[in-house]
Number of protein chains: 2
Amino acid sequence: MLSPSVDNLIAQLTRLPGIGTRTAQRLTFHLLQRSQEEALALADAIREVKERVRFCRECGNLTEQEVCSICEDPRRDRTVICVVEQPVDVISIERTAEFRGLYHVLGGSLSPIDGVDPGDLRIDELLQRVRAGGVTEVVLATNPNMTGEATANYLADRLRDRTRVTRLASGLPVGGDLEYADEVTLGRALSGRREM
Amino acid sequence: MLSPSVDNLIAQLTRLPGIGTRTAQRLTFHLLQRSQEEALALADAIREVKERVRFCRECGNLTEQEVCSICEDPRRDRTVICVVEQPVDVISIERTAEFRGLYHVLGGSLSPIDGVDPGDLRIDELLQRVRAGGVTEVVLATNPNMTGEATANYLADRLRDRTRVTRLASGLPVGGDLEYADEVTLGRALSGRREM
């Protein structure tokens, strides 16, 4: 409609998750109005991320080195490994400042219906890390949904003989309202109630 | 947190309108998971748009040539000019397939409070086009909001002596509900009622 390169940018933006045609149009016109340097800074940032970022050899987290900054940090507790689905989950847990151990990023969750089997995730690497010794606890922090729970159950079965296996608590979100909690969450909060 | 280039991409994405930190994170991880070619296609699309796209010499619309495809099209009616605020508005009007004339893109709307005066918009260029002769109608299609209405009033005052000046109708949106219309819109719909 406008020009081939504008149409192309709108099409490329539409391929991003959660971005429809209208949003892609708005972003495109915003980029057209920004200065050359500002718009190219975004293009360069995309290029750099793809060129520099790779997966940590140890834990599968994102890094620009061979080994990520968490695995390399001598102050981290090497006896505890927190297993997450995605690198973004590492950020969420780090933000809590409640965890000082290491991570293991699976790269997804088990979902036979989508063709994701144990061989597609970094499960062998996790078993190797545990077998290598020194790990006293594995915290399963996969998502509390169907595939995340299935993955946690599968990993618990494989790890239970070698180390202590724990799972993140389910329950009411802090600041939430009993009235608006779904039955499953409220049921979990009840069955997981703690001594005060 | 993760790596300098990931942090940089998240920061760059956050500068886009309507994109917060969470969305920027999600987009970044999506780009990391996509193939090299797919991610670089987006980077290249941004670069190309900035290198190739400029403003049409005639109407101020976006184009990759000196003159845009609408101004160049011999089938368009050269006696009618539709004045819009932004290039994206041209797309919206073209989609209706109701208009076969030419456009004039102002590049914004008059807003003294934001420091946008007549000299900051392509108003002189519009007056020149009308003065050059052959224009029998100017359709003012600026937004039906405060600054758009002010711009339309200003332009009507400057153009009325030279040509017929019209304004897009205000009224109830098609498919809308009388019950949910605001008073101003409903008032406009009433005062602009048409013979059936």
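Just so we're on the same page: letters track the sequence lines, and every chain starts at 1.
- Rounding to the nearest 0.5 Å places CZ of B/Arg54 at 13.5 Å from CG of A/Leu32.
- Counting non-hydrogen atoms of neighbouring residues, nucleotides and ligands closer than 6.0 angstrom, the CG atom of A/Leu190 exceeds 12 such neighbours.
- Around the OH atom of A/Tyr154, the shell of radius 6.0 Å holds more than 12 heavy atoms that belong to other residues, nucleotides or ligands.
- No continuous path of ILVMFWY side-chain contacts below 4.5 Å connects B/Leu168 to B/Leu172, so the two sit in separate hydrophobic clusters.
- The local environment of CZ in A/Arg188 is sparse, with at most 12 non-hydrogen atoms from other residues, nucleotides or ligands closer than 6.0 Å.
- Surrounding CZ of B/Arg78 are more than 12 heavy atoms belonging to other residues, nucleotides or ligands, all under 6.0 Å away.
- Within the 3.5 Å criterion, the main-chain N or O of A/Leu31 finds a donor-acceptor partner in the side chain of B/Lys50.
- Distance check, rounded to the nearest 0.5 Å: CG of B/Asp44 to CG of A/Leu9 gives 11.0 Å.
- Scanning all heavy atoms of the two residues, the minimum distance from A/Ser5 to B/Glu64 falls at OG-OE2, 2.5 Å.
- Hydrophobic clustering, with ILVMFWY side chains joined whenever heavy atoms are under 4.5 angstrom apart, groups B/Val165 together with B/Leu127.
- In the hydrophobic clustering of ILVMFWY residues, with side-chain heavy atoms under 4.5 Å counting as a link, B/Val49 and A/Leu40 come out apart.
- To the nearest 0.5 Å, atom CG of residue A/Leu16 and atom CD1 of residue B/Ile19 are 8.0 Å apart.
- If you tally non-hydrogen atom pairs under 4.5 Å between each of A/Thr28, A/Asn8, A/Leu27 and chain B, the highest count goes to A/Leu27.
- Considering CD of B/Glu38 and CD of A/Gln12, their distance stands at 8.5 Å, rounded to 0.5 Å.
- In this structure, CG on B/Leu13 lies 6.5 Å from CD1 on A/Ile46, to the nearest 0.5 angstrom.
- Within 6.0 Å of CZ in A/Arg131 there are more than 12 heavy atoms belonging to other residues, nucleotides or ligands.
- Taking the side chain as every heavy atom from C-beta outward, A/Arg52 and B/Ser3 never approach each other to under 4.5 Å.
- Using modelled atom types, one finds a donor on one side chain and an acceptor on the other under 3.5 Å when comparing B/Gln33 with A/Gln86.
- Taking chain A as the reference chain and counting heavy-atom pairs below 4.5 Å, the highest number among B/Glu51, B/Arg26, B/Gln65 is found for B/Arg26.
- Proximity to chain B (any heavy atom under 4.5 Å) is restricted, for A/Arg22, to the side chain, taken from C-beta onward.
- At a 4.5 Å heavy-atom cutoff, the contact between A/Gln25 and chain B is made by side-chain atoms alone.
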